[in-house]
Amino acid sequence: MKIYDSSARAKVDFEPLEPGKVRMYVCGPTVYDQIHIGNARTFLAFDVIRRWLVASGYEVTFVQNLTDVDDKIIRRAQEQGRTAEEVAGECSEAFIEQMRRFNVIDPDIRPRATKEIGPMIGMIKGLVEGGHAYAADNGDVYFSVRSDARYGHVSGRDVDSLLAGARIEAGELKRDPLDFALWKAAKPGEPTWDSPWGPGRPGWHSECAAMVHRYLGTPIDIHGGGSDLAFPHHENEAAQAECCWGGDFANHWMHTGMLLIEGEKMSKSLGNFFTLKEVLDKHSAAALRLLMLQTHYRSPLDFSFERLQGAESSLSRIATAVENLRWAAGHVPQGAEPGAQLAAGLVAATERASAAFEEAMNDDFNTAEALAAYFALVSEANQYLERCEGAADPEAATACAASILGAFAILGIELPVRQSDLPLALVGVAQGLVGYGGDDVDEAAQAILDARAQARAAKDWGRADAIRDELTALGLLIEDTAQGTRIRRA
RNA sequence: GGCGACGUCGCCAAGUGGUAAGGCAGAGGCCUGCAAAGCCUUUACCCCCAGUUCGAAUCUGGGCGUCGCCUCCA
């Protein structure tokens, strides 16, 4: 398996530090609002990466934090006249709910920054004692970037070139413009915790470093996040961890491309965002996942509702193919002899798709190419159903359908395969339509189909269509296929 | 200004040396009583220029354009 290590700026062979086990950490959201679909894109990418690692036989420990203390939360709370704790708690629950709706698997451990203050203080203390950090007169504690010879290796920057953009904000007491806050002295109205430097709260970069160390131990195999976190967040996390505990912080860094709206980065500060909730209120999680996974995770992804609609169409096509395969497998006409050569072709196509899928996923999680392999299989399956003239090989068709479902399941995409069971209301319709007297749904369906078949045989198209219209009103379709007529959910 | 990425069919997008996957949309046709589902056909000199090479979308140089990071951001 190859992965792209954004710190090494190259695809590398992935070997876990401990054979068979993968420890990964992905920076979670700052909980001050609903997350937007840009955030969701990153979490989706790592969800799929995790699923593939698991499918490949690795034992994965996945940790994702919740940043529940931060300037933005405090500001939002003040705006709404509530406590920061209330805002963070509510947004945390909303985040978890939306991620589950998006079919993202819960992390194994989801630490909250506010519950990890002790370990953070411990780490900062270690840095101060080691000469990598210093307390200012106002109670702030800063990390001394110049004390870290490796600073810059995560994001590929050179310390001197960073100077141009660095500055000291009013009220900060840094010795060097490059330094960053590990601990922020308390200001009025803010949540605070006691520390050796007085009351205050941790800086963002310190939270993740401490949580990674506590729950996974350093170095970890994979540290992930959006590409906008590479600098300064990840750089600063790594600097602290490496100066505090020595060695590497993360063996590999992985960064996702940004989600764009009309060519521009979606972000709350630009105001051009859609929340995950509002998108999932209108579209399926499967469609949004498909849309996103049709672009490689490292590339920028241009989002639009037109594309999302297109993804819905794609899903429907694939789901229909699965339904058709299953239907054909279960409805081979009496005495029909499935063509062995055609069936062998379908089996071979299924194996080809499966192998291509695996190869693409192993090449830095190339979901776009992996999906293409299965779109190709759908096309071959449809051709098979066309050519087998009603006599499908049940085994080959079933295996093909299972392979398609399985591949999409690995990507966390639940295909909208319509249920084959028919609604009870069919009995009532049969009573009204053909005077059916029993109470069995399948019998009722058969009675309706028989009546329609009679009407069609008599070329009474009006009656045949009236019967179909009755079922359409129930959300059912009558379709005439090579294997016969069927009723299914629309 | 510094660093990085990208520019492939109407839209999206894979493909990093051997004459261009796939999805969506459009057009025509087939099947069908009509539908539905599906099948077939159909549109790419891979931003421009120059170079390396037997051969480049893929490598090198230049140009034009777009985006990201450098400040909170997934």
Side-chain angles (χ1 to χ4, degrees), chain A residues 6 9 11 26-30 32 35-46 70-72 75 152 155-158 160-167 169 204 224-233 235 255-260 263-270 273 290-291 294-296 298-304 306-318 320-321 323-324 327 356 360 363 366-376 378-379 381-387 455-456 459-462 464-465 468-469 472 477-482 485-486 488 490:
Chain A
S6 45
R9 291 189 197 180
K11 265 187 208 173
V26 174
C27 292
T30 297
Y32 68 102
I35 63 159
H36 58 60
I37 55 176
N39 301 301
R41 195 245 177 140
T42 291
F43 302 143
L44 166 64
F46 287 104
D70 177 84
D71 293 340
K72 289 186 176 180
R75 197 184 326 131
S155 56
R157 282 161 212 250
D158 140 271
D160 292 318
S161 74
L162 285 169
L163 270 176
R167 73 193 64 154
E169 303 288 341
W204 179 39
S227 58
D228 54 352
L229 294 191
F231 187 89
H233 184 56
E235 193 66 64
H255 290 105
T256 58
M258 294 292 101
L259 188 140
L260 313 176
E264 293 218 306
K265 179 182 171 183
M266 173 186 286
S267 72
K268 292 194 177 161
S269 46
L270 285 174
F273 64 90
L290 176 62
L291 160 65
Q294 280 184 290
T295 300
H296 187 88
R298 280 190 280 120
S299 301
L301 185 158
D302 231 310
F303 175 86
S304 73
E306 290 71 28
R307 287 191 64 191
L308 188 51
Q309 196 53 53
E312 297 272 21
S313 301
S314 299
L315 276 182
S316 164
R317 175 159 175 260
I318 296 155
T320 299
E323 287 165 31
N324 290 344
W327 163 265
D363 183 13
N366 192 335
T367 52
E369 195 158 294
L371 281 164
Y374 269 88
F375 276 111
V378 164
S379 176
N382 286 335
Q383 286 172 52
Y384 173 75
L385 292 178
E386 186 97 355
R387 286 181 197 143
R456 293 180 73 211
K459 295 195 191 299
D460 183 354
W461 310 130
D465 290 347
R468 186 161 59 197
D469 291 344
T472 302
L477 286 175
I478 289 188
E479 294 186 326
D480 301 311
T481 75
T485 300
R486 72 167 150 172
R488 68 168 197 190

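Here the structure is a predicted model, which is why all the values come from computation and not from measurement. When reading the values below, keep in mind they use all heavy atoms of this one structure, side chains included, and skip hydrogens, waters and symmetry mates. Reminder, nothing fancy here: chain letters follow the sequence lines and each chain counts from 1.
- Among the heavy atoms of the strands lying under 4.0 Å from A/Asp480 is at least one base atom, whether or not backbone atoms are also near.
- At the heavy-atom level, A/Lys265 lies under 4.0 Å from base atoms of the strands shown.
- Separation of the C1' atoms belonging to B/rG17 and B/rA74 is 36 Å when rounded to the nearest angstrom.
- Taking the C1' atom of each, B/rU43 and B/rC24 are spaced 15 Å apart, rounded to whole Å.
- Looking at heavy-atom distances under 4.0 Å, A/Ile478 makes contact with a base.
- With both pairing distances under 3.5 Å, B/rA37 is matched to nothing as a Watson-Crick or G-U wobble pair.
- Per the geometry, CH2 belonging to A/Trp461 stands 16 Å off P belonging to B/rA36, to the nearest Å.
- The gap from the P atom of B/rA56 to that of B/rC46 amounts to 11 Å, rounded to the nearest Å.
- The same atom, C1', is picked in B/rC12 and in B/rA25; the two are 11 Å apart, to the nearest Å.
- Comparing A/Arg456 and A/Ala40 by the nucleotide of RNA chain B whose heavy atom lies nearest to each, the residue mapping closer to the 5' end is A/Arg456.
- The shortest distance between side-chain heavy atoms of A/Trp327 and A/Thr481 falls below 4.5 Å.
- Heavy atoms of A/Ser155 sit nowhere under 4.0 angstrom from any nucleic acid atom.
- Distance CG (A/Asp469) to C1' (B/rC34): 11 Å, rounded to an integer number of Å.
- Residues satisfying the side chain to side chain contact (heavy atoms under 4.5 Å, CB included) test with A/Gln309, not counting sequence neighbours, are A/His283, A/Glu312.
- As judged by a 4.0 angstrom heavy-atom cut-off over every strand, A/Leu259 is placed among the base-contacting residues.
- Between the side chain of A/Asp228 and the base of B/rC70 there is no donor-acceptor pair of N/O atoms closer than 3.5 Å.
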ask   = What does nucleotides 18-31 of chain B look like as a protein-contact string, B for base, S for sugar-phosphate only, - for none, at under 4.0 angstrom between heavy atoms?
value = ---BSSSS------
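- Figure legend: cation-pi geometry between A/Lys265 and A/Phe273 absent, as NZ or CZ is not positioned both under 6.0 Å from the six-membered ring centre and within 45° of its axis.
- OP1 or OP2 of B/rG15 has at least one side-chain nitrogen or oxygen of A/Asn366 nearer than 4.0 Å.
- Which of B/rA74, B/rA14, B/rA37 sits closest to the side chain of A/Thr320 comes down to B/rA37.
- Remark: C1' of B/rU41 and CD of A/Gln383 are 13 Å apart, rounded to the nearest angstrom.
- Rounded to whole Å, the distance from CG on A/Leu260 to C1' on B/rG68 is 9 Å.
- In this structure, of B/rA37, B/rC67, B/rG2, it is B/rC67 that holds the atom nearest to the side chain of A/Glu264.
- Close to B/rA14, at under 4.0 Å from its OP1 or OP2, lies a side-chain N or O of A/Ser299.
- When the P atom is used for both B/rG2 and B/rU58, the distance is 26 Å, rounded to whole Å.
- Partners of A/Asp465 under the salt bridge (Lys or Arg N to Asp or Glu O under 4.0 Å) rule, at least two apart in sequence or in another chain, are A/Arg468.
- Atom-to-atom, CZ of A/Arg468 to P of B/rA36 comes out at 9 Å; the value is rounded to the nearest Å.
- With P as the reference atom, B/rG51 and B/rG4 are 27 Å apart, rounded to whole Å.
- Among the protein residues, A/Lys72 comes within range of the nucleic acid bases, having at least one heavy atom under 4.0 Å from a base atom.
- Applying the salt bridge (Lys or Arg N to Asp or Glu O under 4.0 Å) test to A/Arg488 and every residue at least two apart in sequence or in another chain returns A/Glu323, A/Glu479.
- Base-pair partner of B/rU32: not found among the strands shown (Watson-Crick or G-U wobble, both distances under 3.5 Å).
- Residue A/His255 is classed as having no contact, given no heavy-atom separation below 4.0 Å to the nucleic acid.
- Of the side-chain N and O atoms in A/Asn382, one or more sit less than 4.0 angstrom from OP1 or OP2 of B/rC39.
- Residues that satisfy the salt bridge (Lys or Arg N to Asp or Glu O under 4.0 Å) test with A/Arg456, not counting sequence neighbours, are A/Asp480.
- Across the strands present, B/rA74 finds no partner; the criterion is a Watson-Crick or G-U wobble pair with both atom distances under 3.5 angstrom.
- A distance of about 15 Å separates the P atoms of B/rG15 and B/rC9, rounded to the whole Å.
- In terms of the side chain to side chain contact (heavy atoms under 4.5 Å, CB included) criterion, residue partners of A/Ala360 (sequence neighbours excluded) are, by chain and number, A/Asn366, A/Glu369, A/Ala370.
- A cation-pi arrangement is present between A/Arg157 and A/Phe231 under the rule of less than 6.0 angstrom and at most 45 degrees off the ring axis.
- In this structure, B/rA44 makes no Watson-Crick or G-U wobble pair, since no nucleotide meets both defining distances under 3.5 angstrom.
- The closest donor-acceptor contact from the side chain of A/Ser267 to the backbone of A/Leu270 lies under 3.5 Å.
- Here, B/rA13 and B/rA50 have their C1' atoms 29 Å apart, quoted to the whole Å.
- The interatomic distance linking A/Leu270 (CG) with B/rU71 (C1') rounds to 13 Å, in whole Å.
- Checked for salt-bridge contact, A/Arg307 and A/Asp302 miss the test: no charged N lies under 4.0 Å from a carboxylate O.
- The interatomic distance linking A/Met258 (CE) with B/rC67 (C1') rounds to 12 Å, in whole Å.
- Rounded to whole angstrom, the span from the CZ atom of A/Arg486 across to the P atom of B/rG38 amounts to 10 Å.
- The base of B/rA5 has none of its N or O atoms less than 3.5 Å from a complementary donor or acceptor on the side chain of A/Arg298.
- Across all strands shown, nothing is found opposite B/rU19 as a Watson-Crick or G-U wobble partner with both distances under 3.5 Å.
- Counting any heavy atom pair closer than 4.0 Å across all strands shown, A/Gly38 reaches a base atom.
- Pairing for B/rA5 is with B/rU66, a Watson-Crick or G-U wobble pair whose two hydrogen-bonding atom distances lie under 3.5 Å.
- Distance check, rounded to the nearest 0.5 Å: CG of A/Leu301 to CE of A/Met258 gives 11.0 Å.
- With hydrogens and angles ignored, a donor-acceptor pair under 3.5 angstrom links the side chain of A/Asp465 to the base of B/rG33.
- When Watson-Crick and G-U wobble pairs are counted only if both distances are under 3.5 Å, B/rG51 pairs with B/rC59.
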